[in-house]
Undergrad: 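Starting off with a structure, shown below.
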Amino acid sequence: GDSVTQMEGPVTLSEEAFLTINCTYTATGYPSLFWYVQYPGEGLQLLLKATKADDKGSNKGFEATYRKETTSFHLEKGSVQVSDSAVYFCALGGSQGNLIFGKGTKLSVKP
Amino acid sequence: SAVISQKPSRDICQRGTSLTIQCQVDSQVTMMFWYRQQPGQSLTLIATANQGSEATYESGFVIDKFPISRPNLTFSTLTVSNMSPEDSSIYLCSAAAGSGYEQYFGPGTRLTVT
């Protein structure tokens, strides 16, 4: 069945460091891909999405490109801030309209 | 986008009892879902709440344990029945305009079973 494999955490970075969180997927067809973020004590929020191959989703300085050839959707940010500390979830859109999530990656950014 | 509210936000319940969680969306949506997020874990889909018909459950989840209602396009309930400590988790409601659209999540209900 469809699945998402996400880089294990936790990830600890210094402020202004470069961030990459790897995400690969297994799916039939070409699902939509998403990154969700969960800040401490808050609900899940959509960070960015891509609906077809080579699409780049971007938001708040974060980017991810839908790579069909490598079945990947890695999340990147050029310069992280303390306020980016959160848990990040990669997800793909299932055939029934649901979301299939990766295990989540906890990011801590130190000043 | 859709704004989703859930009630209660948290509860502590005794083993063997049941709790009903309410999910309200501020606009009509095609699809509503219920997920479970166990401590430190990812989200697992419990079921798709279908308006006017029985919910569609994922493998490992059954209607007797997690009955779901969806009487209209903006509201759904999830009941956690005959609770045990293993049911301690965060339960999240989500909504989408349709298949392939982004999902919006409620703030979650943090359930602790003692």
Side-chain angles (χ1 to χ4, degrees), chain A residues 1-10 21 23 25 27-53 55 57-59 64 66 73 86-108, chain B residues 1-10 21 23-25 29-51 53 55-61 68 70 76 89-110:
Chain A
D2 295 355
S3 64
V4 174
T5 301
Q6 191 176 336
M7 179 173 144
E8 297 270 343
I21 301 177
C23 172
Y25 67 91
T28 53
Y30 304 105
S32 295
L33 300 173
F34 306 86
W35 277 99
Y36 280 83
V37 59
Q38 190 172 37
Y39 296 103
E42 297 186 17
L44 212 60
Q45 301 174 26
L46 177 66
L47 180 60
L48 54 84
K49 69 171 185 175
T51 57
K52 60 183 187 297
D55 263 4
S58 61
N59 186 25
Y66 191 143
F73 193 55
V87 181
Y88 293 83
F89 293 93
C90 184
L92 69 82
S95 58
Q96 305 304 313
N98 58 306
L99 289 171
I100 297 167
F101 286 89
K103 291 184 182 295
T105 302
K106 183 175 182 179
L107 170 67
S108 296
Chain B
S1 66
V3 177
I4 301 172
S5 58
Q6 281 185 237
K7 288 194 298 188
S9 58
R10 59 178 62 226
I21 303 168
C23 177
Q24 179 74 54
V25 188
V29 290
T30 304
M31 311 192 80
M32 293 181 74
F33 304 92
W34 287 96
Y35 292 84
R36 181 171 74 183
Q37 185 179 22
Q38 294 184 302
Q41 302 296 313
S42 187
L43 285 80
T44 301
L45 180 67
I46 297 171
T48 302
N50 300 310
Q51 194 264 325
S53 65
T56 304
Y57 290 84
E58 296 300 299
S59 176
F61 298 97
I68 286 170
R70 190 177 172 195
S76 178
S89 190
I90 299 173
Y91 291 85
L92 297 115
C93 170
S94 74
S99 181
Y101 289 80
E102 55 256 45
Q103 286 187 28
Y104 296 93
F105 284 81
T109 296
R110 184 179 293 272

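Both backbone and side-chain heavy atoms feed into the values below; hydrogens, waters and symmetry mates do not. Residue numbers begin at 1 in each chain, while the letters A, B, ... track the order of the sequences.
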Undergrad: Please confirm whether the backbone N or O of A/Ser32 pairs with a side-chain atom of A/Thr51, one donor and one acceptor, at under 3.5 Å?
TA: no

Undergrad: Answer with side chain, backbone, both or neither: which region of A/Gln6 has an atom nearer than 4.5 Å to a non-hydrogen atom of chain B?
TA: neither

Undergrad: Which bit of B/Gln37 is near chain A, if near means a heavy-atom gap under 4.5 Å: side chain, backbone, both or neither?
TA: side chain

Undergrad: With a 4.5 angstrom heavy-atom cut-off, which part of B/Leu43 approaches chain A: side chain, backbone, both or neither?
TA: both

Undergrad: Step through the shown structure and confirm whether more than 12 heavy atoms of other residues, nucleotides or ligands are within 6.0 Å of OH on A/Tyr30.
TA: no

Undergrad: What part of A/Leu44 is in contact with chain B, defined as an atom under 4.5 angstrom from a non-hydrogen atom: side chain, backbone, both or neither?
TA: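 Its backbone and side chain both get close to chain B.
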
Undergrad: State which residues pass side chain to side chain contact (heavy atoms under 4.5 Å, CB included) with A/Ala27; sequence neighbours excluded, sorted by chain then number.
TA: A/Asp2, A/Tyr25, A/Pro31, A/Leu92

Undergrad: Taking only residues two or more places apart in sequence, or in another chain, which ones meet A/Tyr36 in a ring-ring contact (aromatic ring centres under 6.0 Å, His included)?
TA: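 Residues passing ring-ring contact (aromatic ring centres under 6.0 Å, His included) with A/Tyr36: A/Phe101, B/Phe105.
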
